[in-house]
Amino acid sequence: NAVESMANVTTLCFDKTGTLTRNKLSVTQIIPVSTLSEGEITERLRLYTGNLSNLNRTAAAVARYLNGSENDALALPAVTKTREVPFTSARKWGAIVLPEETLIMGAPERVLCEEDRVAHDQASKLAAQGLRVLALARSKTPMQDGKLDPARDSLALIILSDEVRDDIQETLKSFQDQDVALKVISGDNLETVREIAQSAGMRITYAYTGDQLEKMDEAALEQAVTQGNLFARIEPETKRKLIAALKRQGEYVAMV
């Protein structure tokens with residue numbers, strides 16, 4: 001049944017990380033965007049990764065960069081957390097609440113202060129180069145009702161790279177030759193995903209963010225899902241809406 005089903009696929013949806021890329025993240029640079037020294041920022045990143053109950057791939061890459069190995073990050077941190085808010089694909093940030101400050105790491109557009117336009121612009125330019133960009137910030141008070149303190153301070157941008165798979169262009173072309181429509185659905189930044197997708201040989205027709213899709217009525221969403229082949233900063237519920245819209249149009253959809 002699985003093979004028969006695969007033979008009927010008309011639209012293939014897939015993520016960026018681990019599909020177009022090797023999913024071998026490595027930190028290439030930490031850029032301070034505050035008055036704190038590089039050493040002070042490094043110490044806070046160690047506090048953040050050292051207090052995490054679980055290291056996902058991104059946090060593990062930061063830990064390797066700071067300590068030389070992920071195991072060193074598991075040593076007892078200098079200051080112990082009072083609370084942890086785990087990173088989720090919906091929030092796109094995680095936080096460690098310490099006795100005197102709260103450290104936040106995640107997507108720049110969610111973590112950086114809105115007023116910090118220089119850091120936002122810098123993050124956008126780096127993302128346009130196909131780099132994955134994280135932001136580190138701190139606040140004096142813990143988050144309330146799941147919302148970050150508006151008075152938080154931007155601390156640094158963390159730059160990660162991920163290699164495009166060697167054979168991905170050949171793989172994607174084989175689907176295109178069989179008239180299978182290809183659509184990238186990713187939680188990452190739009191410009192990062194665009195650059196990686198183009199490096200993988202895709203020609204981007206229309207690109208949309210999750211925020212744009214959520215503001216659309218059903219008719220506009222139906223049109224966007226037909227025209228577009230790149231969707232970024234997508235949350236799980238929006239991904240379900242995209243797949244459902246494709247199926248309503250008669251597409252036989254596969255999701256990697």
Side-chain angles (χ1 to χ4, degrees), residues 15-18 21-34 36-113 119 123 126-127 131-149 151-162 186-189 192 233-236:
D15 199 353
K16 172 186 73 69
T17 305
T21 66
R22 294 179 178 275
N23 200 15
K24 293 184 177 178
L25 290 173
S26 60
V27 175
T28 58
Q29 191 180 7
I30 294 175
I31 304 174
V33 293
S34 70
L36 292 184
S37 68
E38 190 172 334
E40 290 173 313
I41 290 169
T42 298
E43 180 57 33
R44 280 169 173 79
L45 279 171
R46 282 202 176 97
L47 285 174
Y48 183 88
T49 57
N51 273 291
L52 289 174
S53 55
N54 176 59
L55 290 177
N56 60 23
R57 290 183 185 275
T58 304
V62 175
R64 280 195 304 273
Y65 180 84
L66 296 171
N67 307 301
S69 74
E70 294 166 31
N71 292 334
D72 290 340
L74 300 177
L76 192 66
V79 181
T80 305
K81 66 187 176 187
T82 59
R83 180 185 166 204
E84 176 181 351
V85 179
F87 177 92
T88 66
S89 58
R91 262 196 303 269
K92 294 185 170 49
W93 56 264
I96 294 294
V97 180
L98 301 171
E100 295 187 0
E101 63 182 354
T102 295
L103 300 175
I104 310 117
M105 190 168 77
E109 58 265 40
R110 300 283 177 93
V111 171
L112 293 173
C113 320
L126 290 163
L131 298 168
R132 187 171 183 180
V133 186
L134 296 176
L136 178 71
R138 67 171 175 177
S139 63
K140 294 296 183 184
T141 58
M143 63 291 304
Q144 300 292 331
D145 299 323
K147 296 182 179 179
L148 297 175
D149 184 350
R152 61 190 181 276
D153 300 317
S154 304
L155 297 184
L157 298 177
I158 302 146
I159 317 305
L160 301 100
S161 65
D162 191 1
S186 174
D188 280 348
N189 174 276
T192 300
R233 286 297 186 221
I234 301 297
E235 298 182 6

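When reading the values below, keep in mind they use all heavy atoms of this one structure, side chains included, and skip hydrogens, waters and symmetry mates. Since we're looking at a predicted model, the values are computed, not measured.
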Exercise for the section: Please name all residues satisfying side-chain contact (heavy atoms from CB on, under 4.5 Å) with Ala107, sequence neighbours left out, ordered by chain then number. Expected result: Lys92, Glu109, Arg110, Arg233
Handout entry: Distance-minimising heavy-atom pair for Gly187 and Asp15
Key = N-OD1, 4.4 Å
Exercise for the section: Quick one: pull up CG in Leu112 and CG in Asp153 and give me the separation to the nearest 0.5 Å. Expected result: 11.5 Å
Completion exercise
dist Arg152:CZ -> Lys140:NZ (nearest 0.5 Å) comes out at 15.0 Å
Handout entry: Val111 versus Ala137, closest heavy-atom pair with distance
Key = CG1-CB, 3.6 Å
Problem - Donor-acceptor contact below 3.5 Å, side chain Asn51 vs main chain Val79 - result: yes
Exercise for the section: Would you please name every residue forming a side-chain contact (heavy atoms from CB on, under 4.5 Å) with Ser53, sequence neighbours left out? Expected result: Lys81, Glu84
Handout entry: Shortest non-hydrogen separation from Leu47 to Ala78 and the atoms involved
Key = CD2-N, 4.1 Å
Handout entry: Nearest atoms (heavy-atom pairs only) where Leu55 meets Ala63
Key = CD1-CB, 4.4 Å
Exercise for the section: For Glu38, look at atom CD and say whether over 12 heavy atoms of other residues, nucleotides or ligands are found less than 6.0 Å away. Expected result: no
Handout entry: Pairwise distance CD1(Ile104) to OG(Ser154) - rounded to 0.5 angstrom
Key = 9.5 Å
Problem - Summary of salt bridge (charged side-chain N to carboxylate O under 4.0 Å, His left out) pairs that have at least one residue in residues 22-32, sequence neighbours excluded - result: Arg22-Glu163, Arg22-Asp166
Practice task
Using a 4.5 Å cut-off on heavy atoms from C-beta on, say whether the side chain of Tyr65 contacts that of Ile30.
Solution key: yes
Exercise for the section: State the CG-CD1 distance between Leu136 and Ile31, to the nearest 0.5 angstrom. Expected result: 13.0 Å
Practice task
State the CE-CG distance between Met105 and Leu155, to the nearest 0.5 angstrom.
Solution key: 12.0 Å
Handout entry: Intermediate values then yes/no, side chain to side chain contact (heavy atoms under 4.5 Å, CB included), Arg138 and Leu36
Key = CA-CA 12 Å; Arg138 67 171 175 177; Leu36 292 184; 4.1 Å; yes
Problem - With Asp188 via salt bridge (Lys or Arg N to Asp or Glu O under 4.0 Å) - residues at least two apart - result: Lys16, Arg132
Practice task
Report the C-alpha distance between Arg46 and Asn67 in whole Å, list the side-chain angles of each, state the deciding distance to 0.1 Å, and finish with yes or no for side chain to side chain contact (heavy atoms under 4.5 Å, CB included).
Solution key: CA-CA 8 Å; Arg46 282 202 176 97; Asn67 307 301; 3.0 Å; yes
Exercise for the section: List the atom of Val85, the atom of Met143, and the distance in Å for their closest heavy-atom pair. Expected result: CG2-SD, 3.7 Å
Problem - side chain to side chain donor-acceptor pair (under 3.5 Å) between Asp149 and Ser139, intermediate numbers included - result: CA-CA 6 Å; Asp149 184 350; Ser139 63; 4.8 Å; no
Completion exercise
Separation between CG (Leu126) and CD1 (Ile159), nearest 0.5 Å, reads 4.5 Å
Exercise for the section: Ignoring hydrogens and angles, tell me if any N or O in the side chain of Thr82 forms a donor-acceptor pair with the backbone of Val97 under 3.5 Å. Expected result: yes
Completion exercise
Closest heavy-atom pair, Asn23 versus Gly18, reported as atoms and distance to 0.1 Å, is CB-CA, 3.6 Å
Handout entry: Residues that Thr88 engages under side-chain contact (heavy atoms from CB on, under 4.5 Å), provided they are two or more places apart
Key = Ala90, Arg91
Practice task
Tell me, please, which residues at least two apart from Ser161 pass side-chain contact (heavy atoms from CB on, under 4.5 Å).
Solution key: Ser26, Thr28, Leu131
